[in-house]
There are 2 protein chains.
Amino acid sequence: MGAKTLQDVLDASDDIVTLLRNSQVGAYVYPVVPPEFTNWRDEQRAWRETAVLFDQSHHMAEIMVEGPDAFDFLQGLAINSFANFDVNKAKQFVPCTHDGYVIGDVIIFRLAEQQFLLVGRAPTINWVEFHAQTSGKSVTTERDDRSPARPGGKPVMRKRYRYQVQGPNAPEILERVNGGPVPNIKFFNMGEITIAGRKVRALRHGMSGVPGLEIWGPYEEGDEIRDALLEAGKDLGLTQVGSRAYATNTLESGWIPSPLPAVYTGEGQKAYREWLPAAGYEATCSIGGSYIADSIEDYYLTPWDLGYGPFVKFDHDFIGREALEKLADKPHRRKVTFEWNAEDVGKVMQSMFAAPGENFKTIDLPLSNYASSSYDAVQMGGKTVGLSMFSGYSFNERSMLSLGVVDEDINTGDILTLVWGEPDGGTAKTTVERHKQTEIRVKVSPVPYSKDARENYVESWRTRSA
Amino acid sequence: MGAKTLQDVLDASDDIVTLLRNSQVGAYVYPVVPPEFTNWRDEQRAWRETAVLFDQSHHMAEIMVEGPDAFDFLQGLAINSFANFDVNKAKQFVPCTHDGYVIGDVIIFRLAEQQFLLVGRAPTINWVEFHAQTSGKSVTTERDDRSPARPGGKPVMRKRYRYQVQGPNAPEILERVNGGPVPNIKFFNMGEITIAGRKVRALRHGMSGVPGLEIWGPYEEGDEIRDALLEAGKDLGLTQVGSRAYATNTLESGWIPSPLPAVYTGEGQKAYREWLPAAGYEATCSIGGSYIADSIEDYYLTPWDLGYGPFVKFDHDFIGREALEKLADKPHRRKVTFEWNAEDVGKVMQSMFAAPGENFKTIDLPLSNYASSSYDAVQMGGKTVGLSMFSGYSFNERSMLSLGVVDEDINTGDILTLVWGEPDGGTAKTTVERHKQTEIRVKVSPVPYSKDARENYVESWRTRSA
């Protein structure tokens with residue numbers, strides 16, 4: 001009784017897989033931002049054809065890391081090289097366990113010589129905070145958790161607003177608000193622009209495969225900055241993106257947001273498990289989908305599986321280095337996009353008119369995930385050869401797509417079978433109605449899937465990792 | 001320039017139909033309440049099989065009417081008889097224009113001899129407020145508008161919380177919180193129960209076709225009351241219903257929420273149009289769907305069309321009486337449920353995989369309305385014989401359903417053709433992506449459609465009106 005830590009939860013359970021597959025935490029929500037501003041189809045279309053304003057102020061946790069040892073401390077957690085990581089640069093920061101499996105990933109901003117801001121899902125933020133408290137390094141942290149999933153009319157405050165302006169018309173919109181040319185910031189470098197008379201820090205980014213900026217500042221200034229952007233973009237098709245369309249962007253650009261953090265096993269992570277709370281992300285997150293492994297370790301992924309192979313640099317010491325050195329020359333799975341067969345998807349949709357007990361798992365549109373981490377088995381001849389890990393519909397591609405991994409011997413163009421839904425009527429997750437399992441044919445496709453992103457986004461790791 | 005009133009808007013436009021069909025007001029949102037608590041399928045199922053908690057604190061406007069003339073004043077606006085409208089009773093209050101067309105409808109609660117609370121969509125609340133200000137009657141009003149559609153993390157305050165507990169297990173849950181038998185309140189009568197040590201006013205209601213209570217009180221006490229209900233109902237399947245499932249309840253129980261208020265024409269409404277603001281509901285609301293009339297008056301409905309015929313009582317004087325007396329013996333349209341053909345709906349869904357330009361209007365699930373007021377043409381042999389006015393999917397019935405009206409000579413069981421989507425690629429409403437029109441077969445069905453509601457809800461007007 002009274003589990004206080006993740007380790008307590010594990011000690012009290014003889015089957016963590018079943019526990020997380022039946023988690024009662026509910027849907028992974030993109031909070032506060034309304035479901036739709038216009039409609040999710042046109043919001044998707046806007047990032048391809050005109051411009052979008054993504055409001056990322058609410059769904060990610062942040063941690064500021066400062067102090068004389070900040071650079072060294074963070075380098076010691078990253079598979080990435082910090083060799084050319086200068087002030088005013090950002091990068092995707094990937095920590096691994098001592099065993100070489102991925103904890104998660106966040107964007108890390110080097111704001112000053114010894115000041116770094118990390119932004120993303122909780123698992124990496126937790127890992128960084130734990131090590132800051134226990135490593136003995138001279139660093140301090142200030143954490144800002146994501147907004148509540150269901151604020152229900154209660155006021156929501158963050159430390160910072162965070163917006164992205166993306167799409168073909170983004171440069172013109174940003175030039176307008178800036179009152180002149182936007183500084184020519186390189187990809188994943190930071191600069192400064194002026195909005196509504198305020199100097200605003202900006203990262204050159206391009207989630208949707210076309211150039212744009214991510215900007216942030218004090219949360220209290222967020223409304224003013226947003227209004228100025230919307231005013232500047234109103235005749236250029238600048239479209240606010242709601243929470244329904246938002247996360248589907250990654251289906252076109254190819255980042256897998258939600259691997260299960262590989263922290264449930266391994267001696268190296270024991271102290272961490274004793275530090276993580278029983279009510280936190282790791283102890284309560286849900287696993288969804290048809291892939292059911294005997295061991296929680298089967299859900300872990302290496303950097304290579306997730307397309308982070310090019311990040312692994314043995315030019316520095318870091319947690320997991322030894323394990324990764326051993327894995328480096330082994331076969332790796334590979335990140336792909338799965339293009340879902342339209343006819344099979346139609347069959348799933350049509351099943352909503354079948355008698356109770358005959359319906360398949362609802363494919364909710366445009367985002368069809370129903371857990372914190374999705375793991376659907378992708379098979380060839382009845383053997384699991386891949387995992388589908390994030391799925392939804394793209395109005396730009398007129399297709400259901402998912403991101404995932406396949407074994408080394410699977411080729412682009414191969415037609416595989418995705419097992420859709422959970423066995424035995426479904427787990428007890430709150431997001432799961434009673435349903436039957438079925439099969440959906442999927443075609444192994446490049447990542448990023450988006451033709452635009454593939455052709456116009458050459459600086460990105462996403463292309464390099466494909 | 002600078003339209004201040006609805007009349008200004010009309011004076012500046014030569015085509016109010018086109019104006020409202022292209023309104024930029026956006027989706028009619030059920031605000032603040034999260035989209036889903038569990039998942040919309042199981043939330044629908046709960047009102048049929050266990051129990052639901054509807055949070056109605058945010059999507060309706062309220063107006064309190066008090067003063068020595070309150071009873072007379074309100075009676076003078078209502079087609080309904082006030083003859084047996086005693087203190088502690090409630091009724092559905094339907095005002096008409098001087099020309100006998102429906103403004104809207106709300107629930108009116110007689111809280112005290114000369115104190116009435118009206119709760120519902122804006123058009124009726126506006127009409128009551130206007131007449132309170134201009135009738136010369138001795139009444140005062142206090143208005144509380146619906147919560148903002150997209151609060152974006154800003155605090156939301158209402159005067160009152162408003163919940164319904166409905167479903168087969170509702171009586172047991174309410175008995176538990178009350179700490180003993182719930183007073184045997186008659187349908188649409190009020191009583192008092194105790195929740196969390198507080199006396200709470202309660203209306204016997206049954207939106208979902210099974211007995212339940214609607215309760216309300218000071219907004220600040222809402223969290224406490226909700227927590228007590230959830231605690232009492234947790235092993236009885238009490239399920240909170242999110243904004244996605246909420247409004248689909250009416251598809252099973254048969255109330256049409258959103259006729260266009262019939263205020264755009266008629267000398268009798270001219271002063272009202274000059275009072276209504278240019279930014280208000282009437283001047284900005286959107287008309288959606290395939291039914292396109294030459295005149296705005298073709299969108300107006302009589303009480304008989306909407307199933308309110310039994311309410312019309314000439315035992316008192318009221319606005320519209322003279323017009324209704326003339327209409328009483330004329331042919332009336334009749335309220336029905338349309339059961340949509342599963343195969344045709346499947347064809348619409350499948351079109352999301354077609355090439356751009358070949359897709360039909362998205363049927364969003366579970367609620368597929370895309371305007372403040374939906375008007376889809378329902379045809380027989382190419383002639384419009386009905387209107388579909390509120391549509392969505394019911395997991396309980398495993399069917400797409402809509403509510404609407406048909407001409408007198410249309411029979412239950414007739415198969416008609418619903419024209420789905422708007423012509424010419426669609427209007428400029430923000431909710432409308434470019435699409436093609438198509439046809440969906442619909443079967444004329446009873447209202448309420450729900451077998452449970454039809455058989456167990458005998459006291460209701462909904463049955464009487466069928």
Side-chain angles (χ1 to χ4, degrees), chain A residues 26-27 29 31-42 45 55 57-58 147 149-158 219 222-223 226 239 242-244 340 342-343 345-347 349-350 352-356 358-359 362 364-365 370 393 395-396 398-400 429-435, chain B residues 26-27 29 31-42 45 55 57-58 147 149-158 219 222-223 226 242-244 340-343 345-347 349-350 352-356 358-359 362 364-365 370 393 395-396 398-400 429-435:
Chain A
V29 169
V32 180
V33 175
E36 293 172 299
F37 287 95
T38 55
N39 68 81
W40 62 257
R41 282 83 58 201
D42 284 328
R45 198 162 59 89
D55 184 349
S57 309
H58 297 286
S147 298
R150 299 182 181 92
K154 302 285 195 302
V156 175
M157 284 295 294
R158 292 297 307 268
Y219 186 75
D223 286 354
R226 179 173 48 218
T239 300
S243 58
R244 289 181 73 183
W340 296 25
E343 196 180 310
V345 174
K347 181 192 67 179
M349 302 219 162
Q350 194 73 23
M352 71 181 181
F353 304 116
E358 296 302 313
N359 56 295
T362 297
D364 214 355
L365 297 179
Y370 52 91
Y393 172 77
F395 191 67
N396 293 318
R398 306 284 163 138
S399 183
M400 280 288 300
K429 281 188 290 290
T430 63
T431 52
V432 177
E433 74 279 12
R434 298 306 87 204
H435 66 275
Chain B
V29 170
V32 181
V33 175
E36 293 172 298
F37 288 94
T38 55
N39 68 80
W40 61 258
R41 281 83 58 200
D42 285 329
R45 198 161 60 88
D55 184 350
S57 309
H58 297 286
S147 299
R150 299 182 181 92
K154 302 286 194 302
V156 174
M157 284 295 293
R158 292 298 306 268
Y219 186 75
D223 286 354
R226 179 173 49 216
S243 58
R244 288 181 73 183
W340 296 23
N341 179 277
E343 197 181 311
V345 174
K347 181 192 66 177
M349 302 219 163
Q350 195 73 25
M352 71 181 180
F353 303 116
E358 297 303 313
N359 57 294
T362 297
D364 215 356
L365 297 178
Y370 53 91
Y393 172 78
F395 191 67
N396 293 317
R398 306 284 162 140
S399 183
M400 279 291 300
K429 281 188 289 292
T430 63
T431 52
V432 177
E433 74 279 11
R434 297 308 87 203
H435 65 275

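A note on names: the letters A, B, ... follow the listed sequences, proteins ahead of strands, and every chain is numbered from 1. Hydrogens, waters and symmetry mates play no part in the numbers below; they use all other heavy atoms, side chains included.
Two residues are said to be in side-chain contact when any heavy atoms from C-beta on lie closer than 4.5 Å; A:Asp42 and A:Thr239 fail this criterion.
Only the backbone of B:Ala354 comes within less than 4.5 Å of a heavy atom in chain A; its side chain stays farther off. Looking at A:Val29, neither its backbone nor its side chain comes within 4.5 Å of chain B, counting heavy atoms on both sides. Of the atoms belonging to B:Gln350, it is side-chain heavy atoms, and not backbone ones, that fall under 4.5 Å from chain A. For chain A, the nearby parts of B:Thr431 are the backbone and the side chain; heavy atoms of each come within less than 4.5 Å. For a residue to count as touching a neighbouring chain, one of its non-hydrogen atoms must lie under 4.5 Å from one of that chain's; by this rule B:Pro356 touches chain A with backbone and side chain alike. Neither the backbone nor the side chain of B:Val33 comes within contact range of chain A, judged by heavy atoms closer than 4.5 Å. Of the atoms belonging to B:Met349, it is side-chain heavy atoms, and not backbone ones, that fall under 4.5 Å from chain A. Contacts of B:Asp55 with chain A are absent, with no heavy-atom separation under 4.5 Å from either backbone or side chain. If you measure heavy-atom distances from B:Pro151 to chain A, you find no contacts under 4.5 Å at all. If you measure heavy-atom distances from A:Asn396 to chain B, you find no contacts under 4.5 Å at all. At a 4.5 Å heavy-atom cutoff, the contact between B:Ala342 and chain A is made by backbone and side-chain atoms alike. For chain A, the nearby parts of B:Pro155 are the backbone and the side chain; heavy atoms of each come within less than 4.5 Å. Looking at B:Arg158, neither its backbone nor its side chain comes within 4.5 Å of chain A, counting heavy atoms on both sides. For B:Met400, the parts sitting under 4.5 Å from any heavy atom of chain A are the backbone and the side chain alike.
Your options are B:Lys347, B:Arg244, B:Arg434, and the one with the most heavy-atom pairs under 4.5 Å with chain A is B:Arg244.
The CZ atom of B:Arg41 sits 5.5 Å away from atom CG of A:Asp364, with the distance rounded to the nearest 0.5 Å. Rounding to the nearest 0.5 Å gives a distance of 3.5 Å between NZ of B:Lys154 and CG of A:Asp223.
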Does the pair A:Tyr370 and A:Thr362 meet the rule for a side chain to side chain contact (heavy atoms under 4.5 Å, CB included), with working shown? CA-CA 10 Å; A:Tyr370 52 91; A:Thr362 297; over 6 Å; no

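When all heavy atoms of B:His58 and B:Ser147 are compared, the pair lying nearest together is ND1-OG, 2.7 Å. Shown here for B:Ser399 and B:Trp340, the closest heavy-atom pair between the two residues is OG-O, 4.2 Å. For the residue pair A:Asn39 and B:Thr430, the shortest heavy atom distance occurs at ND2-O, 2.8 Å. For the residue pair B:Val32 and A:Gly153, the shortest heavy atom distance occurs at CG1-N, 3.5 Å. In terms of heavy-atom proximity, B:Ser57 sits nearest to B:Tyr219 at CB-CE1, 4.4 Å.
B:Arg398 and A:Asn359 form a side-chain donor-acceptor contact under 3.5 Å, judged by distance and modelled atom types alone.
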